[in-house]
Amino acid sequence: MRWSKLYLPTYKESPSDAEIPSHQLMIRAGVIRKLTAGVYTFLPLGYRVLKKIENIVREEMNRTGSQEILMPILHPAELYEESGRLQNFGPELFKLNDRKNRLFALGPTHEEVVTDLARTEIRSYRQLPQCLYQILTKFRDEIRPRFGVMRAREFIMKDAYSFHESHESLEETYRTMADAYRRILNRCGLENIMVEADAGVIGGDVNHEFIVFAEEGESEIFTCQCGYTANSERAESAGRPLKSPEKILASPMRVETPGQKTIEEVSRFLNTEPSQLVKTLLYRSGEEVVAALIPGDRSLNETKLAKLLQDPWIETLDDESIRKLTGAEAGYSGPVGLPDKTRIIADTLLDDYEGMIVGANENDTHLRGVKMGRDFEPTETASISTVKSGDRCARCGESELVTRRGVELGHIFKLDTKYSKSMNATFLDQQGKEREFIMGCYGFGVSRAVAAAVEANHDDRGILWPLSITPFDAIMLPINVSDTHTMEVAESLYAELTEAGWEVLFDDRDLRAGFRFKDADLVGIPIRITLGERNLKTNKIEIYHRRDDRSELVDREDVIGVLADVYGSLR
RNA sequence: CGGGGCGUAGCGCAGCCCGGUUAGCGCGCCUGCUUCGGGAGCAGGAAGUCGGAGGUUCAAAUCCUCUCGCCCCGACCA
């Protein structure tokens, strides 16, 4: 491809709305262009990368025996009423009406559609197991689209769905898929990890995310030497030893804390550590009021609480409601003396506490030496606080958890009968008995993978495409496009490489060399073939390896061999 | 949804507070000359409903109201 003919517009400056490196570089390097918030066009360069990733995904899915299909994007809303997700997906679901005012949705994923397909088509256990997948555009009305194609409202995803008669069969496919995801990410040249995760609106119990490491990634994960890995929504820890435990007193002691409302203020005022305090966070879940107790130096993990309460719509009480419930301003809430009907959930880390300092439910007052089980009785104990780097691992109880950031590219779920049950999707088993499908689903963010690849592979000059997904194998740059000899060599080399099946971007633009060098660095093709008049006099051609920032001079005849060496088994 | 910010040429911005006649700058774009191994120089040029609507005023990019769009932070830390 000749750059002079290719639609590859580059910018020296990045647009003001691009925050993270991948977004800035994808705009600057002509990979994507924004149409409106969270909606992007893939330009030729970006589309080439996208297709390469798609193909890797397709090959690996086919290898598992999964079959590609294409389901509709436009879904009748009734399907979502059946599964209950018209409510549960909430405002994220893009909805629209047809001319007869019938409600439709733009598919955010296809559990309902594929389950509907299975329930009408798969009648017998003899047809199981079955795994179907597709690669197509999905829609989610994100609360806050950002980072370009990383969190978009319209994006391309590979989604696969498996149907089974037994949990053993599901387990087998689940493992096969996990393995396939590993292979996909490794083939894309992306360093990754599988972690335990929260299932969110998809549902089901067992699920794992595949995270590609990147400094600016939106996901935070925790890992332990023992092999435990989980994302921040899911991770549990055994906490860490308390520095100076609060002693239990014969009975709670009231202390005046005038005007001290935050954990920081109170701990400073009482000359103690934030960890000695216990935060009481008041939530409303439906009609119920829930008091969540967590260590003062930690945050509540709302995902965990929502899951525990089986209510995705929990919300904190407003100040007025807190006054009514506790008789005190927010900031002085505590577990002692709350109305009986209040559900008290204590974080598991509080089991290690002897005494604690809590709000007294009275303005300007806290209680010291409080003992859980004596001064108040928690309704239940559960892990509801966030994990911190350096905590002891909950799994092995010994090593410290380490945190890293990354981008979530894959998420696989054991759905069990969540959808088959609500949508009455059944088959006949060997005994002729009607049974619900046991299902799994497996998502992979294809368009997001392009962004993740850039996020994980760039330097201060531009993108560094991994070899397996680079839009072109090499970029050929004749220094002086008006030098006849240079261009003769360029044309013949270009023809030869193209003939041999290499995809070469020929920068034949009549621009200064320096300008085109900068462009080449920005665009990030792994190999640059530079043709200079001086070197050509001795039949030498310069090969520049972008990622290593390294050049070598080779004979014209050896150029093709260098390419073959670099790409090795990739082609 | 709450708070904040921004919409002025394709991109990045100034001008607005303190209203005034031709609305500027950089990059990019077009023409010419010179230059030509790391985002060239000079000269000339094209390009803007100042997001939209309404209002105040002799006069609005500038003040007021509404509206649309975009961005950031928040929507756990009592």
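A, B, ... follow the sequence lines: proteins, then strands. Residue 1 opens every chain.
- Residue pairs meeting the ring pair (Phe, Tyr, Trp, His ring centres under 6.0 Å) criterion with at least one partner in residues 251-282 of chain A, sequence neighbours excluded, do not occur; the list is empty.
- B:A14 sits 14 Å from B:U62 when the C1' atoms are compared, rounded to a whole Å.
- The phosphate of B:C70 has OP1 or OP2 within less than 4.0 Å of a side-chain N or O from A:T36.
- Using a 4.0 Å heavy-atom distance criterion, A:L305 is classed as making no nucleic acid contact.
- In this structure, the CG atom of A:L293 is 16 Å from the P atom of B:C77, given to the nearest Å.
- Here B:G39 is the nucleotide among B:G39, B:G37, B:A75 with the atom lying nearest to any side-chain atom of A:T10.
- Among residue pairs with one or both ends in residues 331-366 of chain A, those qualifying as ring pair (Phe, Tyr, Trp, His ring centres under 6.0 Å) are A:Y332-A:H366; sequence neighbours excluded.
- B:C17 sits 14 Å from B:A60 when the P atoms are compared, rounded to a whole Å.
- Listed candidates were B:A75, B:G39, B:G37. Nearest to the side chain of A:I479 is B:G37.
- A salt bridge does not link A:D508 to A:K5: none of the charged nitrogens lies less than 4.0 Å from a carboxylate oxygen.
- Here A:K518 does not reach the OP1 or OP2 of B:A40: none of its side-chain N or O atoms lies under 4.0 Å away.
- The base of B:C77 sits with one of its N or O atoms less than 3.5 Å from a complementary donor or acceptor on the side chain of A:K279.
- When only modelled atom types and interatomic distance are considered, A:H23 and A:E455 share no side-chain donor-acceptor pair under 3.5 Å.
- The base-pairing partner of B:C1, taking Watson-Crick or G-U wobble contacts with both distances under 3.5 Å, is B:G74.
- The side chain to side chain contact (heavy atoms under 4.5 Å, CB included) search around A:T379 returns A:R343, A:I344, not counting sequence neighbours.
- In this model, a donor atom of one side chain and an acceptor atom of the other lie less than 3.5 Å apart for A:S492 and A:R556.
- Using a 4.0 Å heavy-atom cutoff across all strands shown, A:N480 reaches no nucleic acid atom at all.
- For A:R146, counting side-chain heavy atoms from C-beta on, the closest listed nucleotide (B:C72, B:G37, B:C77) is B:C72.
- A:L281 comes within contact range of at least one nucleobase, with a heavy-atom separation under 4.0 Å.
- Between B:C6 and B:C11, the two C1' atoms lie 16 Å apart (nearest whole Å).
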Set out, line by line, the N/O atom pairs under 3.5 Å between protein and nucleotides 4-12 of chain B.
unit_1: B:G12; atom_1: OP1; unit_2: A:S16; atom_2: N; d: 3.3

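- Side chain to side chain, A:H411 and A:E408 meet the donor-acceptor criterion of an N or O pair below 3.5 Å.
- Here salt bridge (charged side-chain N to carboxylate O under 4.0 Å, His left out) pairs that include residues 351-366 of chain A, with residues two or more places apart or in two chains, are A:R254-A:E362.
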Can you tabulate the close N/O pairs, meaning under 3.5 Å, that link protein atoms to atoms of nucleotides 29-35 of chain B?
unit_1: B:U35; atom_1: O2; unit_2: A:R512; atom_2: NH1; d: 2.8

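- Side-chain polar atoms of A:T10 and A:D519 form a donor-acceptor pair below 3.5 angstrom.
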